[in-house]
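Submitted below is the structure of interest, expressed as structure tokens.
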Amino acid sequence: QAQLVESGGGSVQAGGSLRLSCAYTTGQFYMAWFRQAPGKGREGVAAFTGNGVDTYIASVKGRFTIARDNAANTLSLQMNNLKPEDTAIYYCAAGDPKDYRGYFNPSTYTNWGQGTQVTVSS
């Protein structure tokens, strides 16, 4: 079973940038970043497939960039122009085609990291 470990979270002011990284032991076809804000459900943010397709939710499109480095076994999320509403715990997730239920459906992903906190102050 793949293991995923996130890093790079922290606290920034609105308009700032952070880069999250996820180190994984075994790559899977679908890899994504989710987030969970206090009192809210887990929300898919950006996803990357094994054939090079990336997709984003509307609220982060143009600000966030997901990238995958198969040689280094890392998944990253570059977050620019951060807003207070981006505050959440961010999770890295990985899944296989047999479990596919949609890019941002948590059921697609069978392996999850422990999460890293991102706090954006106004």
Side-chain angles (χ1 to χ4, degrees):
Q1 184 172 352
Q3 293 186 335
L4 298 87
V5 179
E6 302 97 337
S7 61
S11 297
V12 296
Q13 290 191 326
S17 298
L18 282 173
R19 183 180 179 86
L20 305 183
S21 291
C22 172
Y24 53 85
T25 55
T26 304
Q28 292 176 261
F29 190 81
Y30 295 104
M31 299 201 73
W33 288 96
F34 282 73
R35 65 187 180 187
Q36 188 163 15
K40 295 188 177 181
R42 195 163 292 192
E43 173 187 48
V45 175
F48 197 94
T49 69
N51 55 8
V53 175
D54 59 349
T55 188
Y56 304 87
I57 56 171
S59 62
V60 307
K61 195 173 292 185
R63 299 189 297 123
F64 291 12
T65 303
I66 189 172
R68 178 173 180 171
D69 185 339
N70 290 324
N73 279 13
T74 58
L75 182 75
S76 63
L77 185 69
Q78 177 67 42
M79 305 186 295
N80 298 326
N81 191 21
L82 283 160
K83 303 177 180 181
E85 52 264 41
D86 295 318
T87 295
I89 299 174
Y90 283 71
Y91 298 90
C92 176
D96 295 316
K98 66 180 178 61
D99 299 313
Y100 184 73
R101 298 290 185 274
Y103 286 125
F104 298 132
N105 186 326
S107 297
T108 296
Y109 303 92
T110 53
N111 293 302
W112 295 80
Q114 82 288 350
T116 186
Q117 178 71 47
V118 171
T119 303
V120 185
S121 58
S122 58

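These numbers were taken from a predicted model, which means no experiment stands behind them. For this chain, numbers begin at 1 and follow the sequence in order. Quick note: numbers below take in every heavy atom, side chains included, and nothing from hydrogens, waters or symmetry partners.
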Y90 backbone acceptor or donor facing Q36 side chain under 3.5 Å
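No, because the side chain of Q36 does not come within donor-acceptor range (under 3.5 Å) of the backbone of Y90.
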
Find out whether Y103 and T49 are in side-chain contact, i.e. whether some heavy atom of one side chain is under 4.5 Å from a heavy atom of the other.
yes

Can you check whether I89 reaches Q114 side chain to side chain, under 4.5 Å on heavy atoms?
no

Using 0.5 Å steps for rounding, measure from the CG atom of N73 to the SG atom of C22.
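Here the rounded value is 10.0 Å.
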
Going by heavy atoms in the side chains, are V5 and Y24 under 4.5 Å from each other?
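No, too far: nothing below the 4.5 Å cut-off.
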
Rounded to the nearest 0.5 Å, how far does CZ of R68 lie from CG of L77?
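Output value for this atom pair is 14.5 Å.
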
What heavy-atom pair brings C92 and M31 nearest, and what distance separates the two atoms?
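Looking at all heavy atoms of both residues, the closest pair is SG-CE, 4.4 Å.
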
Hey, is the main chain of G9 close enough, under 3.5 Å, to the side chain of T116 for a donor-acceptor pair?
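Such a contact is found between T116 side chain and G9 backbone.
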
Measure the spacing between OG1 of T55 and CD1 of I66 and express it to the nearest 0.5 Å.
9.5 Å

Row check, Y91 ring normal vs R42 NZ/CZ: under 6.0 Å, within 45°:
yes

Are the ring centres of Y30 and Y100 closer than 6.0 Å?
yes

State, to 0.1 Å, how close I57 and G44 come at their nearest heavy-atom pair, and which atoms those are.
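Shortest heavy-atom contact: CG2-O, 3.0 Å.
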
Find the distance between CG (L18) and CD (Q78) and round it off to the nearest 0.5 Å.
8.5 Å

Modelled atom types, side-chain donor and acceptor of S17 and N80, under 3.5 Å:
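A donor-acceptor contact under 3.5 Å links the two side chains.
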
In short, Q28 meets A94 closest at the heavy-atom pair OE1-CB, 3.2 Å

Restricting to side chain to side chain contact (heavy atoms under 4.5 Å, CB included), what partner residues turn up for E85, sequence neighbours left out?
K83

Working to the nearest 0.5 angstrom, can you tell me the gap between R35 CZ and L20 CG?
11.0 Å

Would you please name every residue forming a side chain to side chain donor-acceptor pair (under 3.5 Å) with Y109, sequence neighbours left out?
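Y109 satisfies side chain to side chain donor-acceptor pair (under 3.5 Å) with no other residue.
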
Between F104 and V45, is any pair of side-chain heavy atoms under 4.5 Å apart?
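No, too far: nothing below the 4.5 Å cut-off.
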
Answer yes or no: is there a side-chain heavy-atom contact under 4.5 Å between W112 and L4?
no

If we ignore hydrogens and angles and just use 3.5 Å, is the side chain of T108 paired with the main-chain N or O of R101 as donor and acceptor?
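Side chain of T108 to backbone of R101, a donor-acceptor pair under 3.5 Å: yes, one is there.
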
Output all residues satisfying side chain to side chain contact (heavy atoms under 4.5 Å, CB included) with V120, sequence neighbours left out; order by chain, then residue number.
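So V120 forms a side chain to side chain contact (heavy atoms under 4.5 Å, CB included) with V12, A14, L82, P84, D86, T87, V118.
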
Does the side chain of Q3 come under 3.5 Å of the side chain of N111 through a donor N or O and an acceptor N or O?
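On atom types as modelled, these side chains do not qualify, holding no pair under 3.5 Å.
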
Could you walk me through whether E6 and S21 satisfy the side-chain contact (heavy atoms from CB on, under 4.5 Å) test, starting with their C-alpha distance in whole Å, then the side-chain angles of each, then the deciding distance to 0.1 Å, before giving a yes or no?
CA-CA 6 Å; E6 302 97 337; S21 291; over 6 Å; no

Is the ring centre of F64 less than 6.0 Å from the ring centre of W33?
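F64 vs W33: aromatic centres not under 6.0 Å.
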
Return the CZ to CG distance between F34 and N105, rounded to the nearest 0.5 Å.
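Interatomic distance, F34 CZ to N105 CG, rounded to 0.5 Å: 7.0 Å.
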
Exam field: side chain D96 to backbone D99, donor-acceptor pair closer than 3.5 Å
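Looks like no, no N/O pair under 3.5 Å.
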
